[in-house]
Structures are given as structure tokens and as C-alpha cells.
Amino acid sequence: MSAREFLAAIDPARPFIPELHVDDCDDTTCARCRVLTPANLYEVDTWLDKASVFAKQYRECIKGELVITGLRIGHDSTRVVAKFGNTIVRHYDGRHTVRPTQHPTGELTAAEWNERYPVGTAVVAYPGCRPEDDPNGERLVTRTRSKASTYGGHTPVVWVDGHGAWIALTHVDAIPGGES
């Protein structure tokens with residue numbers, strides 16, 4: 001039995017399980033929901049694949065650059081598009097809907113980063129862990145040396161001076177007034 005068949009067979013009056021929900025969800029028709037971010041795109045795509053639901057990266061042309069901005073879910077008339085920051089809702093009958101997120105993720109796509117910060121912007125970069133995860137982690141005060149791009153179709157990254165590999169944008173903070 002596929003996950004979709006299983007969810008469709010569950011009694012809709014089943015108790016609400018808060019651990020399976022995000023952003024203070026109290027929708028009793030919702031079996032599970034996930035916020036889509038650039039960092040979890042692959043994980044959410046895999047979650048949908050395991051439920052036998054077709055999902056594909058959604059791309060848009062932003063300032064002449066083709067950029068991944070979300071995930072297309074389903075086929076034909078049942079297809080929905082979840083943009084980064086939206087919540088994907090799986091209902092007990094196997095349908096998926098999208099709703100705006102109550103608490104935006106704050107994560108930037110590569111295109112949004114490039115629009116705000118030119119190459120040469122002063123940044124603080126954390127190649128391993130952010131200080132809130134490891135106070136002793138490496139901290140670089142440096143400058144970007146490339147435009148941001150999307151690695152592997154899911155992770156926005158940038159190269160910085162003094163480090164030999166890209167760093168995820170979630171681990172880079174622009175220094176206010178630090179443009180080149």
C-alpha cells in the first residue's frame with residue numbers, strides 16, 4: 001500500500017497530531033505539513049516521492065537568470081506550486097495544497113542574494129557551524145568572490161576569499177554597509 005493509499009484510508013476524524021505539523025497548524029484536514037526552504041528542497045521532494053506524488057523543481061526567470069524558486073507538486077489540474085517559504089499540506093485524502101507560511105524562513109535564494117549583495121560584499125562566513133550551533137566554530141571576516149549560485153539544484157551558496165570551497169548562504173551574514 002502506498003503512502004497515498006494509506007492516507008486516503010485513514011479516518012478523517014482521526015486525532016490531530018501536532019508533531020506532524022508546522023507554523024501552529026490547527027487544520028484538522030491536514031495529515032502532515034512541511035515548510036519548503038532552499039535548504040530542505042531535496043528532503044521535501046523525497047518525502048513527496050515516497051508518497052508516490054510527482055514533484056519537480058519549479059524554476060522562474062529572474063532578471064534574465066533561470067532560478068529554482070520552489071517545487072511543482074502533482075500532475076495536470078491537481079498540480080500546485082509551492083514557493084520557498086510556503087507550507088505544503090498533505091490532506092488525509094492524499095491531496096496536497098499550499099498555503100502561505102505564518103513565519104517566513106528568512107532564507108535567501110541565490111537570485112535574491114545577488115540582487116542585494118554584489119561580488120566583493122564584506123561578510124562573516126561560518127564554513128562549519130553557525131555560532132548558535134557551535135560557539136567554537138570557525139568564523140571568517142571576509143568578502144564574497146563570486147555571485148551566489150544554487151548547488152545541486154537545492155542549496156544556495158557563495159565563494160568567499162580565504163576559503164577553498166563554497167559556503168551555504170545560511171552560513172554567510174552580510175556586514176551592514178560592507179558592499180564593495
Side-chain angles (χ1 to χ4, degrees), residues 1-7 17-23 25 27 30-63 65-76 78-91 94-117 123 125-130 132-134 137-138 144 146-160 163-174:
M1 174 183 284
S2 74
R4 177 180 285 219
E5 293 165 331
F6 174 75
L7 287 171
I17 305 169
E19 295 79 20
L20 298 180
H21 302 273
V22 295
D23 70 17
C25 173
D27 182 351
C30 172
R32 169 99 192 195
C33 52
R34 306 277 303 264
V35 175
L36 182 65
T37 68
N40 75 1
L41 178 68
Y42 178 76
E43 179 184 329
V44 171
D45 188 14
T46 302
W47 171 63
L48 292 164
D49 286 346
K50 287 181 179 178
S52 302
V53 176
F54 175 81
K56 184 176 181 176
Q57 295 171 350
Y58 184 75
R59 300 169 189 258
E60 294 178 281
C61 188
I62 299 175
K63 294 193 174 193
E65 189 176 342
L66 196 58
V67 177
I68 298 166
T69 59
L71 201 58
R72 189 178 83 191
I73 304 162
H75 289 286
D76 305 323
T78 64
R79 179 178 68 193
V80 294
V81 173
K83 301 273 189 101
F84 293 133
N86 290 156
T87 300
I88 301 167
V89 180
R90 178 184 294 162
H91 298 275
R95 292 178 304 116
H96 287 82
T97 58
V98 175
R99 69 173 181 253
T101 301
Q102 302 290 330
H103 311 288
T105 64
E107 291 184 38
L108 295 178
T109 65
E112 290 168 333
W113 174 274
N114 292 333
E115 189 173 305
R116 292 182 191 181
Y117 308 110
V123 297
Y126 309 97
C129 296
R130 291 193 59 86
E132 51 270 24
D133 298 324
D134 179 6
E138 184 179 3
T144 59
S146 71
K147 289 175 73 174
S149 58
T150 303
Y151 173 76
H154 51 77
T155 305
V157 300
V158 69
W159 291 78
V160 299
H163 189 68
W166 52 256
I167 299 176
L169 292 183
T170 56
H171 287 63
V172 177
D173 297 328

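Note that the numbering runs from 1 along the sequence shown for the chain.
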Between Phe84 and Leu71, is any pair of side-chain heavy atoms under 4.5 Å apart? no

What I'd like to find out is whether the side chain of Tyr58 reaches to under 4.5 Å of the side chain of Ile73, using heavy atoms alone. no

Could I get the full list of salt bridge (charged side-chain N to carboxylate O under 4.0 Å, His left out) partners for Arg130, not counting sequence neighbours? Glu132, Asp173

With a 4.5 Å heavy-atom cut-off, do Leu36 and Asn86 have their side chains touching? no

Between Asn40 and Val35, which heavy-atom pair has the shortest distance, and what is it? ND2-O, 2.8 Å

Can you name the nearest heavy-atom pair linking Cys129 to Asp134, along with the distance? CB-CB, 3.7 Å

State, to 0.1 Å, how close Pro127 and His163 come at their nearest heavy-atom pair, and which atoms those are. CB-CE1, 3.5 Å

Quick one: closest heavy-atom pair of Ala125 and Ile167, and the distance? CB-CD1, 3.7 Å

For a side-chain hydrogen bond (donor to acceptor under 3.5 Å, both in side chains) check, start with the C-alpha distance between Asp49 and Thr46, then their side-chain angles and the critical distance, and finish with the verdict. CA-CA 5 Å; Asp49 286 346; Thr46 302; 5.3 Å; no

Does a side-chain heavy-atom distance below 4.5 Å link Trp113 with Thr144? yes

Min side-chain heavy-atom separation Arg72-Arg79 under 4.5 Å: yes

Does any N or O in the side chain of Asp45 come within less than 3.5 Å of the main-chain N or O of Lys56, such that one atom is a donor and the other an acceptor? no

Is there a side-chain contact between Val98 and Lys83 in this structure, where contact means two heavy atoms from C-beta onward sitting under 4.5 Å apart? no

Please report the C-alpha distance between His96 and Val53 in whole Å, then the side-chain angles of each, then the deciding distance to 0.1 Å, and finally whether the side-chain contact (heavy atoms from CB on, under 4.5 Å) criterion is met. CA-CA 9 Å; His96 287 82; Val53 176; 3.5 Å; yes

Atom OH in Tyr117, atom CG in Leu169: separation rounded to 0.5 Å? 10.0 Å

Look up atom OG in Ser149 and atom CH2 in Trp159, then write down how far apart they are to the nearest 0.5 Å. 9.0 Å

Tell me, with the steps shown, if Thr97 and Val80 meet side-chain contact (heavy atoms from CB on, under 4.5 Å). CA-CA 7 Å; Thr97 58; Val80 294; 5.6 Å; no

Is there a donor-acceptor pair under 3.5 Å between the side chain of Asn114 and the backbone N or O of Lys147? no

Who pairs with Trp47 by side chain to side chain contact (heavy atoms under 4.5 Å, CB included), at least two apart in sequence or on another chain? Arg32, Arg34, Val44, Ile88, Arg90

